[in-house]
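In what follows, a structure is listed as structure tokens, so that the remarks can point back to it.
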Amino acid sequence: MSIELLKKVSLFEGLNEKELKALADTTVVRTFPKDNVIIMAEDRGDTLFVIQRGRVKVSIFSEDGREVILSTLGAGDFFGDMSLLDGKPRSANVTATEETELLMLRRADFIRLIQTIPQIAIKLLAVLAGRLRKTDRKIEGLALSDVTGRITQTLLQLAEDQGTYTPEGIVIRIRPTHQD
């Protein structure tokens with residue numbers, strides 16, 4: 001199962017069967033119950049997580065205790081990539097929003113893999129650049145848009161990230177709550 005999942009992960013697209021098997025052989029599977037905190041902001045990070053099944057929310061807390069949800073992720077998505085590269089503390093919290101099964105790849109194993117399969121490092125750089133561009137668009141929207149514009153941009157981003165194309169248009173199957 002993990003090789004089939006890894007084929008669908010943007011970070012590992014283009015790897016051949018041998019490379020995917022080497023990658024899969026270094027992963028560990030772990031299941032987290034709903035509402036379980038998987039990682040906490042500021043914790044030391046040394047693991048990349050790939051969602052095999054389930055959903056998670058990535059969030060931060062403001063000084064006054066409000067939770068700001070940065071994204072929601074599902075099967076085939078991954079997180080923990082920044083700490084995997086630099087070994088620095090986590091930048092956000094990640095919590096299971098339903099029972100979630102994760103493939104886990106430790107930093108030491110990842111470093112060995114990118115030394116033998118440099119294509120993984122090139123893919124990771126492209127993914128991180130994409131995330132940086134997305135963050136730039138979000139900051140621009142927050143700084144330059146009114147409330148209606150920010151809501152519109154949020155809905156468009158949800159459609160892009162989680163939408164399914166149908167003959168009637170794009171459908172967001174898992175609707176965010178008002179709090180989200």
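One-based numbering along the sequence shown.
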Fill in: Closest contact, heavy atoms only, Asn93 versus Ala41
OD1-N, 2.8 Å
Item to complete: Enter the distance from Thr135:OG1 to Ile139:CD1 here, rounded to the nearest 0.5 Å.
Response: 6.5 Å
Worksheet, complete the sentence: One should read off an interatomic distance between Leu113 CG and Gln119 CD, to the nearest 0.5 angstrom, of 13.5 Å
Worksheet, complete the sentence: For Ala92 and Leu70, the nearest pair of non-hydrogen atoms, with its separation, is CB-CD1, 4.1 Å
Worksheet entry | Ala24 to Ile3 - nearest heavy-atom pair and separation | CB-CG1, 3.7 Å
Discussion item. Test of understanding: clusters of I, L, V, M, F, W, Y form through side-chain heavy atoms closer than 4.5 Å, transitively. Do Val68 and Val37 belong to the same one?
Written reply: no
Practice prompt. Kindly give the heavy-atom pair with the smallest separation between Gln52 and Ala75, and that separation in Å.
Written response: O-CB, 3.8 Å
Practice prompt. Measure the NZ-CD distance between Lys8 and Glu4 for me, rounded to the nearest 0.5 Å.
Written response: 6.5 Å
Worksheet entry | Whether Phe32 and Phe49 hold their rings parallel, tilted or perpendicular, with breakpoints at 30° and 60° | perpendicular
Worksheet item: Applying the 4.5 Å side-chain criterion to the ILVMFWY set and letting contacts propagate, would Ile117 and Val9 be lumped into a single cluster?
Response: yes
Fill in: Pairs where residues 102-115 contributes a residue and the test side-chain hydrogen bond (donor to acceptor under 3.5 Å, both in side chains) is met, not counting sequence neighbours
Thr47-Arg106, Asp109-Arg112
Worksheet item: Same cluster or not: are Leu23 and Phe78 linked, directly or through other Ile, Leu, Val, Met, Phe, Trp or Tyr residues, by side-chain heavy atoms under 4.5 angstrom apart?
Response: yes
Worksheet, complete the sentence: The residue among Thr97, Ile51, Asn36, Thr95 that forms side chain to side chain contact (heavy atoms under 4.5 Å, CB included) with Val56 is Ile51
Response to the item:
What one should report as the nearest heavy-atom pair of Glu42 and Pro89 is O-CB, 3.4 Å
Fill in: Side-chain H-bond candidate by donor/acceptor type, Ser62 with Asp64, under 3.5 Å
yes
Worksheet entry | Non-hydrogen side-chain atoms of Lys57 and Glu67 separated by less than 4.5 Å | yes
Worksheet item: Do Glu17 and Lys7 sit within salt-bridge range, that is, some charged N less than 4.0 Å from a carboxylate O?
Response: yes
Worksheet entry | Within one Ile-Leu-Val-Met-Phe-Trp-Tyr cluster: Met104 and Leu73, side-chain cutoff 4.5 Å | yes
Worksheet item: Out of Lys34, Arg30, Arg55, Arg53, which one pairs with Glu99 under the salt bridge (charged side-chain N to carboxylate O under 4.0 Å, His left out) rule?
Response: Arg53
Worksheet item: Taking the side chain as C-beta and beyond, is there a heavy-atom pair between Phe79 and Leu102 under 4.5 Å?
Response: yes
Worksheet item: Is it true that Leu48 and Leu15 fall in one hydrophobic cluster, defined by side-chain heavy atoms closer than 4.5 Å?
Response: yes
Response to the item:
dist Leu105:CG -> Leu6:CG (nearest 0.5 Å) comes out at 9.0 Å
Worksheet item: Which pair of non-hydrogen atoms, one from Ile60 and one from Ser91, has the smallest distance, and what is that distance?
Response: CG2-O, 3.7 Å
